[in-house]
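Working notes, beginning with the structure itself.
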Amino acid sequence: MLVKLTGAAFIIGACGVYGLSQARTIENRVRHLRSLRFGAAILAREITYIQNPLPRALEKAVTLASFPAQELFKVVMDHLCQGAGYTAAEAWSRGAERLRDVSDLKAEDISLIDSFGAQLGMSDVEAQKKAFRLLEEELKLQEQRAAEAVAAEKKLWSYGGFLLGCLIVLLMI
Amino acid sequence: MAIFTSGIESKIRQQVIPYLSPPVKSMLSSLPGESLRGLEEIRLRVGRPLLLKIGDTDYGVAENGVLLRNYEKGYVVGEEDLQRTMAAISESSLYALEEELKRGFITLRGGHRVGLAGRVVLARGDIKTMRDFGGLAFRIAREVVGCGTSLLGRLWRGNGQLLNTLIISPPRCGKTTLLRDLTRQLASGSGGINVALVDERSEIAACYRGVPQLDVGIRTDVLDGCPKASGMIMAIRALSPQLVVTDEVGRPADVEAIRECINAGVAIITSVHGRDLEEIGRRPELAEIVNSGAFSLVVTLSRRRGPGTIETVQRMKEVKGKVKDAG
């Protein structure tokens with residue numbers, strides 16, 4: 001009997017933890033999109049107003065941005081500074097790949113970030129301003145969608161995990 | 001002329017080759033030191049052979065890094081080569097180089113210059129920027145320390161005053177190199193004077209982020225990227241120089257500024273594009289100022305015995321009539 005109870009508790013606990021982690025992922029996505037939007041604004045300021053060369057602009061943005069924008073900028077800066085002939089677009093793409101590993105962003109968010117790389121650095125100030133403005137707008141929209149998803153799905157995952165665990169236990173009895 | 005270009009090979013390896021795209025970088029890195037020491041220009045044009053100017057000859061480069069006189073058989077520059085090179089020289093930051101793009105060249109650390117060819121964007125008739133780059137021309141900066149020594153003694157009057165000097169030279173005959181060395185020598189040492197160098201095209205001091213990359217002497221103030229005419233006036237007012245040095249005068253405003261300098265008692269050494277005084281005589285503003293006696297010394301250069309060959313050094317009284325006739 002004790003073994004059965006322990007097993008049931010383990011199943012319910014495991015499903016519950018999985019559900020909670022999914023709920024946290026949904027919530028984190030909003031936070032991460034916001035970090036990228038604020039990070040983009042910091043980088044835009046360094047580029048379009050202060051007109052620091054990209055490696056220096058990124059270095060400054062690394063110190064001011066939060067995770068995961070900080071991680072993105074750091075990877076881009078490291079690639080640009082290693083003298084291996086990376087273009088800004090390639091370095092940015094490596095940064096976007098890194099986000100896939102370390103953040104809770106969805107593939108569509110990563111793809112949005114990745115596509116910005118083609119416009120980074122290699123045009124005049126006005127064109128850079130437009131590109132950053134567009135990126136910030138798009139990130140804001142994604143953030144709104146992600147926030148709506150939190151409202152709709154967070155409770156579902158938070159309780160759904162435990163309920164699923166209970167259902168499995170009931171079916172097994 | 002004694003030419004001392006020591007260290008040019010290592011300068012090219014450290015200050016120029018790293019900016020090139022990986023395939024071009026690899027080819028040039030494997031060139032022998034002798035070829036690099038003579039290298040004057042690297043030309044990258046999309047869809048056309050990579051060209052290296054060594055002395056007066058253009059060479060192509062085989063993919064294994066061997067120089068080819070028949071450059072048609074050499075490595076052909078691709079669009080990616082240009083994009084990667086452009087990204088490297090601009091640090092992927094074209095937005096930070098608006099002035100350089102307007103001027104059509106970027107100065108690298110070490111004073112080497114990259115000329116840009118591409119689509120020019122105009123705004124109200126003025127050049128706004130450049131994009132869609134199709135060609136890059138790297139010109140290797142060379143300091144020829146001591147090239148002005150033979151001329152230095154002739155720049156002074158008996159009473160210790162500097163002579164206003166005009167250097168006439170066709171392109172690629174070493175006038176900028178000569179101006180730089182004269183500036184360096186006049187502004188250095190215990191008897192040195194204060195020099196204001198108006199370097200509109202960043203060629204003489206080759207400033208990189210405001211710091212001269214080539215030796216222009218300890219008493220030289222550089223107005224980098226500053227239009228010559230306004231720069232000369234600004235220098236007189238702000239820097240109280242004993243000598244103003246500038247390059248490639250020719251516009252009416254430049255001539256007016258030269259007059260201002262001379263009237264203010266400041267000596268001037270400048271250069272002008274041309275073969276000889278006859279050619280200068282065909283340009284009314286220049287002929288007028290030469291005839292007015294503003295310049296006391298006229299030096300002409302050529303490449304007859306290599307860049308920087310001093311053809312003639314004439315005092316003004318010897319040349320005045322010649323210019324009038326030509327004009």
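Just the heavy atoms: all of them, side chains too, but no hydrogens, waters or symmetry mates, feed the values below. Chain naming here is simple, since letters A, B, ... match the order of the sequence lines and numbering starts at 1 in each.
By the 6.0 Å contact criterion, CD on A/Glu97 is enclosed, its count of non-hydrogen atoms from other residues, nucleotides or ligands being greater than 12. Sparse packing is recorded around CZ of A/Phe10, with 12 or fewer heavy atoms of other residues, nucleotides or ligands lying under 6.0 Å away. Residue B/Glu79 qualifies as open at atom CD: its count of foreign heavy atoms under 6.0 Å is 12 or below. For A/Lys129, the NZ atom sits in a packed shell: over 12 heavy atoms of surrounding residues, nucleotides or ligands are nearer than 6.0 Å. A 6.0 Å sphere centred on CD of A/Gln82 holds more than 12 heavy atoms belonging to other residues, nucleotides or ligands. Surrounding CZ of A/Phe132 are more than 12 heavy atoms belonging to other residues, nucleotides or ligands, all under 6.0 Å away. Environment of CZ in B/Arg139: sparse, with no more than 12 heavy atoms of neighbouring residues, nucleotides or ligands closer than 6.0 Å.
Remark: A/Glu46 CD to B/Ser93 OG distance equals 12.0 Å, nearest 0.5 Å. The distance from the CG atom of A/Asp124 to the CG atom of B/Leu97 is 11.5 Å, given to the nearest 0.5 Å.
Options A/Glu90, A/Met122, A/Gln128, A/Gln51 differ in how many heavy-atom pairs under 4.5 Å they form with chain B, and the most are formed by A/Met122. Considering only heavy-atom pairs separated by less than 4.5 Å from chain B, the leading option among A/Ile47, A/Leu80, A/Thr87 is A/Ile47.
Residue contact with chain B, scored on non-hydrogen atoms closer than 4.5 Å, involves the backbone of A/Ser123 exclusively. Contact annotation for A/Leu54: both backbone and side-chain heavy atoms come within less than 4.5 Å of a heavy atom of chain B.
Among pairs with a residue in residues 80-126 of chain B, none fulfils ring-ring contact (aromatic ring centres under 6.0 Å, His included), at least two apart in sequence or across chains.
Chain A is approached within less than 4.5 Å, heavy atom to heavy atom, by B/Arg84, B/Met86, B/Ala87, B/Ser90, B/Glu91 from residues 83-91 of chain B, ordered by number.
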